[in-house]
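Just follow the structure's listing: the first ligand is 1, and inside any ligand the first atom is 1. Note that these values count all heavy atoms, side chains included, but never hydrogens, waters or copies made by symmetry.
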Amino acid sequence: MSLRIAVVKGDGIGPEVIPEAQKILEHFLTDADFFEVELGLAKWEKTGSACSPDDIRELKGADAIIFGAVTTPPDPDYRSVLLQIRHELDLYANLRPIRSLRPNPDGSFVDMMIVRENTEGLYSGIEEIGTERSTTLRVVTKAGSRRIAEKACSLVLKRNRNHQLVIGYKGNVLKSDLLFRDTCSEVASSFGIQTKAVFIDALCLDVLQHPNNYDVIVTTNMFGDILSDVCGYLTGGLGMLPSANIGEKYAFFEPVHGSAPDIAGKGIANPVAAVRSAAMMLEYFGMKQQACLVEESIADLINSGVCTPDLGGCESTSSFGSRLIAVVCKKEERKI
Ligand code: NAI
Ligand code: MG
């Protein structure tokens with residue numbers, strides 16, 4: 001049976017970058033059936049719902065989902081589409097590779113993986129909103145910490161580098177983080193992996209100063225969200241960072257960035273984060289070689305100055321996408 005891929009463009013630059021990612025997917029997944037699901041602010045304005053139960057059912061019917069970005073409307077009753085999807089599909093692991101495609105001045109490349117717990121923490125969605133006092137419950141469970149730690153440890157072994165797992169936490173202030181840290185340490189020791197627990201604020205600076213000291217970092221939900229945007233600095237900005245949201249049954253691939261209303265509609269958004277997210281989907285389907293080919297092709301283009309304005313170039317979103325497909329095809333021909 002052919003693969004069923006759900007395509008969610010969303011709002012802002014989502015509809016600009018996702019077609020470029022879809023081109024790559026269509027190139028490699030020639031038999032796949034692509035179907036669009038409309039979600040986000042535009043849909044909310046039309047129908048009063050940004051993501052309905054029917055939409056969730058459609059997403060669950062896909063073998064994988066490629067997603068652009070959605071804008072959060074200014075309404076206190078609005079429920080975040082992404083939180084809803086991550087909870088409904090139980091996408092507990094958010095994998096955010098931080099890999100530079102351009103060499104650092106010393107010739108090295110940044111290559112680390114942030115493994116962000118994706119269903120608990122401060123994004124549990126359990127909130128009481130009042131006019132004088134509002135609270136958000138930060139949930140850390142043993143089971144939730146264990147499964148994300150297991151995912152992180154399996155990645156440490158797969159990447160086969162320094163065999164150390166860094167735990168980003170803030171246990172001096174948030175006692176709930178001690179459960180997270182201790183559970184991650186227990187799991188790691190059962191895998192034979194050493195751990196180093198680092199306070200998240202210090203970690204945000206140290207990853208920038210010494211990125212090559214890091215391999216896999218596991219952390220709670222909001223810390224992982226912030227840390228990965230911080231790490232965008234190491235790779236050329238938010239237009240470069242892809243991610244995968246993985247659960248037991250479903251897989252959802254999206255750029256780390258949001259809908260970027262400041263540049264939406266101008267045709268200048270960098271599609272690389274979305275295309276790299278598509279490459280992560282290929283890898284998820286066992287097509288590692290094809291995923292590497294996409295990464296190499298992006299690197300070739302960027303290193304020869306072919307890039308969108310955020311990286312100092314003058315390509316449009318779609319002209320970069322077209323040139324990328326051309327490089328991919330050329331590389332394939334050379335390999336045959
Ligand atoms: P953002 O990631 O959309 O933009 C931050 C900055 O990065 C902007 O200056 C933007 O122009 C730039 N940028 C982002 N992606 C880019 C790309 N591909 N190429 C070139 N430049 C790029 O974050 P912001 O401004 O905080 O949020 C805007 C909207 O997006 C909000 O409504 C927010 O709720 C939503 N959002 C959605 C996310 C998602 O759907 N996964 C994630 C983060 C924010
Ligand atoms: Mg974010």
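Between Phe28 and Phe285, the gap from one ring centroid to the other reaches at least 6.0 Å. Ring centers of Tyr169 and Phe199: under 6.0 Å apart, within the cut-off.
Among the atoms of Ala260, some N or O lies under 3.5 angstrom from an N or O of ligand 1. The shortest N or O to N or O distance between Thr71 and ligand 1 is not below 3.5 Å.
Residue Gln194 qualifies as open at atom CD: its count of foreign heavy atoms under 6.0 Å is 12 or below.
Hydrophobic cluster membership for Ile126: Leu137, Val139 (Ile, Leu, Val, Met, Phe, Trp, Tyr linked by side-chain heavy atoms under 4.5 Å, directly or transitively).
Of all atoms in ligand 1, numbered sequentially from 1 with element shown, those under 4.0 Å from a heavy atom of Leu82 are 39 (C), 40 (O), 41 (N). The distance from ligand 1 to the heavy atoms of Ile13 drops below 4.0 Å at these ligand atoms: 15 (N), 16 (C), 17 (C), 18 (N). Remark: ligand 1 atoms within the under-4.0 Å shell around heavy atoms of Gly239 are 17 (C), 18 (N). Under a 4.0 Å criterion applied to the non-hydrogen atoms of Ala69, ligand 1 contributes the atoms 40 (O). Ligand 1 places these atoms under 4.0 Å from at least one heavy atom of Asp310: 20 (C). Less than 4.0 angstrom separates some heavy atom of Glu254 from each of these atoms of ligand 1: 41 (N).
Arg116 and Ser243 are not linked by any side-chain donor-acceptor pair at a separation below 3.5 angstrom, with hydrogens and angles left out of the test.
Among protein heavy atoms, atom 42 (C) of ligand 1 sits closest to Gly258 CA, 3.6 Å. The protein atom (non-hydrogen) at minimum distance from atom 29 (C) of ligand 1 is Ser259 OG, 3.2 Å. Looking at atom 14 (C) of ligand 1, its nearest protein heavy atom turns out to be His257 CB, 3.6 Å. Protein heavy atom in closest approach to atom 8 (C) of ligand 1: Asp262 OD2, 3.3 Å. For atom 20 (C) of ligand 1, the nearest protein heavy atom (residue, atom name, distance) is Ile263 CD1, 3.6 Å. In terms of protein heavy-atom proximity, atom 6 (C) of ligand 1 is nearest to Leu238 CD1, 4.3 Å.
Between Asp225 and Arg96 there is a salt bridge, since at least one side-chain N of the basic residue sits less than 4.0 Å from a carboxylate O of the acidic one. Contact check on Glu20 versus Lys23 returns a salt bridge, with a Lys/Arg side-chain nitrogen under 4.0 Å from an Asp/Glu carboxylate oxygen. The pair Asp33-Arg4 meets the salt-bridge criterion, with a side-chain N (NZ, NE, NH1 or NH2) lying under 4.0 Å from an Asp/Glu carboxylate O.
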Do Asp182 and Ser185 pass the side chain to side chain donor-acceptor pair (under 3.5 Å) test, and can you show the C-alpha distance, the side-chain angles, and the key distance before you say yes or no? CA-CA 5 Å; Asp182 294 344; Ser185 301; 5.1 Å; no
Test salt bridge (charged side-chain N to carboxylate O under 4.0 Å, His left out) applied to Asp90 and Arg147, step by step: CA-CA 12 Å; Asp90 198 23; Arg147 65 181 182 171; 2.8 Å; yes
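Within the 4.0 Å cut-off (strictly below), no protein heavy atom is located near atom 25 (O) of ligand 1. In this structure, atom 32 (O) of ligand 1 is in close contact with the protein, since a protein heavy atom lies within 4.0 Å of it. Distance check on atom 12 (C) of ligand 1: every protein heavy atom falls at or beyond the 4.0 Å cut-off.
Residue Ile268 does not touch ligand 1, judged by heavy-atom distances below 4.0 Å. Contact annotation for Val70 and ligand 1: heavy atoms of both the backbone and the side chain come within less than 4.0 Å of the ligand. Under 4.0 Å from ligand 1, heavy atoms of Thr72 appear from its side chain as well as its backbone. Heavy atoms of Val81 found under 4.0 angstrom from ligand 1: none, in either backbone or side chain. Here Pro261 has side-chain heavy atoms under 4.0 Å from ligand 1, and that is the only part of it that gets that close. Of all the heavy atoms of Asn270, the ones lying under 4.0 Å from any atom of ligand 1 are found in both the backbone and the side chain.
Between the OG1 atom in Thr30 and the CG atom in Leu25 there is a gap of 11.5 Å [rounded to 0.5 Å].
In this structure the side chain of Tyr250 never reaches within 4.5 angstrom of the side chain of Ile85, judged on heavy atoms.
Geometric assessment of Arg86 against the ring of Phe252 yields a negative cation-pi assignment under the 6.0 Å and 45° thresholds.
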Show me the donor-acceptor pairs, under 3.5 Å and distance only, between side chains in residues 256-272 and residues at least two apart or in other chains.
from: Ser259; atom 1: OG; to: Thr71; atom 2: OG1; distance (Å): 2.7
from: Lys266; atom 1: NZ; to: Asp262; atom 2: O; distance (Å): 3.2
from: Asn270; atom 1: OD1; to: Val272; atom 2: N; distance (Å): 2.9
from: Asn270; atom 1: ND2; to: Asp310; atom 2: OD2; distance (Å): 3.0

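At a 4.0 Å cut-off, not a single heavy atom of Val17 sits close enough to ligand 1 to count as contact.
Partner of Thr220 under the side-chain hydrogen bond (donor to acceptor under 3.5 Å, both in side chains) criterion, out of Arg138, Lys170, Arg181: Arg138 alone.
When distances to the Mg ion (ligand 2) are checked against a cut-off of 2.8 Å, Asp225 contributes an N, O or S atom below that limit.
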